[in-house]
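What follows is a set of notes on a single structure, which appears directly below.
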There are 2 protein chains.
Amino acid sequence: MTKSYQETVGQLTKAYPSLSKQLKKSAAHVLEHPGDVATLSMRQVAARADVPPPTMTRLAKSLEFETYNAMRDVYRGAIEEFSSNHSSRAGELQITNGTSDIEASLQSFKNTTLGSLTHLFDTIDRQHLQQIILSLTTARKVFVVGMHASHSLANYLHYVASTSFPNWQLITHKNGELAHQVEHINADDVVVAISPTPCAADTVRVAKLAYEAGAKVVGITDTRTAPLATYSTDLLLTSAQSPHFFESYVAIAALVEMILGLLMADSEQLAIDNISRLERRRNELGEYWPDQ
Amino acid sequence: MTKSYQETVGQLTKAYPSLSKQLKKSAAHVLEHPGDVATLSMRQVAARADVPPPTMTRLAKSLEFETYNAMRDVYRGAIEEFSSNHSSRAGELQITNGTSDIEASLQSFKNTTLGSLTHLFDTIDRQHLQQIILSLTTARKVFVVGMHASHSLANYLHYVASTSFPNWQLITHKNGELAHQVEHINADDVVVAISPTPCAADTVRVAKLAYEAGAKVVGITDTRTAPLATYSTDLLLTSAQSPHFFESYVAIAALVEMILGLLMADSEQLAIDNISRLERRRNELGEYWPDQ
DNA sequence: ACATAAATGAATCAAATGTATCAAAGTTGC
DNA sequence: GCAACTTTGATACATTTGATTCATTTATGT
C-alpha cells in the first residue's frame, strides 16, 4: 500500500525532533518546501537543503519508504491532484503595477494577505478543527499563551472566549515569572499556544510543560518545524508572511476568530445569553458611549 | 526575461489550434495536466501524452522557449509559489461531511472577511493614509487607545510601533483610571483610537479630550456615525462585520498592519535597524527558543 | 577510557534524462 | 507530378540522476 501525502507529512512532523542533525536539516527543507520534492531532482533538493545527496535517500528510508523515489511519488501525487483541481488559479495572484510606493506596498500586502486567508479557509482541516473545538468545550481549564506580538492575539482570544467560558485563563508574565500559573496544568486541560517563528521561548516552555503533563496543546504557528510544533498535540498552521518587516497577524487573527465562532456556535444559546447579558451589564455601567 | 506561468498557458491556448497533429496532442496533454510537466520527466510526460520524446522539445521550442527545461521551469515555478509560499500543505482533499454546519460557518466567515478586506484595500484613500503616516512620524507623542476587545489590537499597534518609535504610548486602565495618562496631551500629539461600534465610552472620552486639546485624532472604526467619529480629525473606516456573535477584527488588523508597514517603510533604515537590533537583543536574552 | 554503534560524505556505477541528428513520411504550391 | 518544405520518430550521446559502497567522523554506553 502507498502512503498518502498527509500521512507522510504527519509522520515527518512527528519524527522531526528526534532526527539526527543532517536528517533534521533535510526534513526541515522538505516540510517547508514540499514543492521542491515534487518538482526537483533529489540532488537539487539536496543542494537547496544544503546536504549531500545520500541524506535525502536516508530521510526517505527513515520514513519507511523503500527508496527516495517512492517518497517523491507521494509528493508528486499531491501536486497532481492539486493542479488538476485548481490549475486555473495557479497564476492568480498578479501584482498590478502601481504608480507610487504606497500603492505598491498596499498591493503586495493585499496579495499576500488575501492569499494567506484564502489558503487558510480552503485548506484548513474541518474535522480536525471540529475536534479541537470539542476538546476546548470539554476541557477542565483552557490556558491561552502568547508572548511578544502574539500576546495581543492571545489576549484577544482569551478576552472573547472568557465572556462565555469562565474556565479560560490567559497566561501572562506577572512579576517576571509564569510558574505558578502553569504548575497545575494537567491532562484534563487544553493549552492554546500562539507563536509564529521564531518562537518565544516562554511560549514553548509552557507548551512543553503542558505537553509533558499530558494536556492537549493546540499550537498555532506558521511552520511544522517551529519549536512549538514539537510540543503540540494539535497543530493549526497559517501563514504569517508579509511584505513588511514584521510578521502579519491577519491570518492568525482570522484563525482565532474561526475558533471563537465555532466555540460560540457549539455552545449555542449559552454563549449568546452570556454575551447579551454582558452587553446589558455594560450598558448599565455606562461602558458604551450612548447613541446620539 | 523569464516567462510567467499565466503567459505560457495563455500563449499555448492561443497557439493550440494552429499546431500540427502531434504537437497538438502534446499541447493538449500539457494544458490538461500541467502538474505532469512540473513533476515528471520529459520522457514520462511524452509517454503519457502518447508522443515520442522529441515532440515535447519541439512543443517547448514552438512556444519560443530555448529548451524544454526552460518551459518546465515555468511550471515548476508555479507549483513552488503555491506550495512553499503558503507554508505547508500542497495537496488537500477534504471530506466534507454532508450536514456540516462547520462548512457553512467557515464559508460565510470567509466571504465576509475577504469582502471586508478587498473593500478596505481597494477603497482606502491613499493620500489620506500617507498624510496620516506623516503626522504619526512627526508627532511629539503618539497615544494609542482601545478598550475591551479593541484593546488587544491597540496593544499590538503600540507594541510593534514602539520597537521603532519610543514616543508611542499605550493608554491603559491602571488603577481603574486613565486620567493622568492623558492630561498632558496637546496639539503636537496624535491619538490613534480604535473602536468599532458600539464604542467604548472610555475610548471616546480620550478621543474627545484630545480632540478638544487640538491634537490630531485618528479614529479607526466601522461607521461614520460612530461616536468616535465625532471626535476624530481623521477617520479610517473598515468593516467589523462577521457572521459570529462578536465583531471581527481581521480587517481592522489588516488596517493596523497597513499603517505599521507604511510607518516602517517611511522611516526606512531606522525601523529596520531598530528591529534587527531588538531581534539580536532578544536572542542574547534567550527570548527565542533556540533553533535545533 | 575505551569499545561499540550511529551518522556522515566522498566516490562509484548503472539507469534515466534532455537534446541533437538525420533519414523517412507527409504536406504544400506550382 | 514534382520539387521544396515541413513534420515526424528512431537513434545516438553526453549529462544528470538515484542508489550503493566504504572509509571516516561523531555519538553513546560501559
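Please read these numbers as outputs of a predicted model, since none were measured by experiment.
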_B:Phe109/A:Phe121 aromatic ring centres below 6.0 Å_ =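 Yes - the distance between ring centres of B:Phe109 and A:Phe121 falls below the 6.0 Å cut-off.
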
Measure the distance from [atom1] on [X] to [atom2] on [N] and round it to the nearest whole Å.
X       : N      : atom1 : atom2 : result
A:Met56 : C:dT8  : CE    : C1'   : 15 Å
A:Asp73 : C:dA16 : CG    : C1'   : 14 Å
B:Leu40 : D:dG18 : CG    : P     : 13 Å
A:Tyr75 : D:dG18 : OH    : C1'   : 18 Å
B:Lys21 : D:dG9  : NZ    : P     : 8 Å
A:Lys24 : C:dT8  : NZ    : P     : 11 Å
A:Leu59 : C:dT8  : CG    : P     : 11 Å
A:Asn69 : D:dT20 : CG    : C1'   : 14 Å

*Side-chain heavy-atom pair A:Met147, A:Ser195 within 4.5 angstrom cut-off*: no

_Between A:Ser41 and A:Glu66, which residue's closest nucleotide on DNA chain D lies nearer the 5′ terminus?_
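Whichever sits nearer the 5' end wins; that is A:Ser41.
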
*Among A:Asp36, A:Thr39, A:Thr8, whose side chain to side chain contact (heavy atoms under 4.5 Å, CB included) with A:Tyr75 holds?*
A:Thr8

*Identify the two heavy atoms, one from A:Thr223 and one from A:Leu237, that lie closest to each other, and give their separation to 0.1 Å.*
N-CD2, 3.6 Å

_Of the listed nucleotides (C:dG18, C:dT19, D:dA19), which one gets closest to any side-chain atom of A:Met42?_
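The answer is D:dA19.
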
Any side-chain N or O of [X] under 4.0 Å from OP1/OP2 of [N]?
X       : N      : answer
B:Arg58 : D:dT6  : no
A:Thr67 : D:dG18 : no
A:Gln44 : D:dT17 : yes
A:Thr57 : D:dA19 : yes
B:Arg43 : C:dT19 : no

*For B:Lys25, answer base if it contacts any base atom (sugar-phosphate contacts may also be present), sugar-phosphate if it contacts only those atoms, and nothing otherwise; contact means non-hydrogen atoms under 4.0 Å.*
nothing

*Just checking A:Lys61: base, sugar-phosphate only, or nothing, at a heavy-atom cut-off of under 4.0 Å?*
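Sugar-phosphate, no base atom in range.
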
_Residue pair A:Val256, A:Ile194: steps toward the side-chain contact (heavy atoms from CB on, under 4.5 Å) verdict_ = CA-CA 10 Å; A:Val256 164; A:Ile194 307 177; 4.2 Å; yes

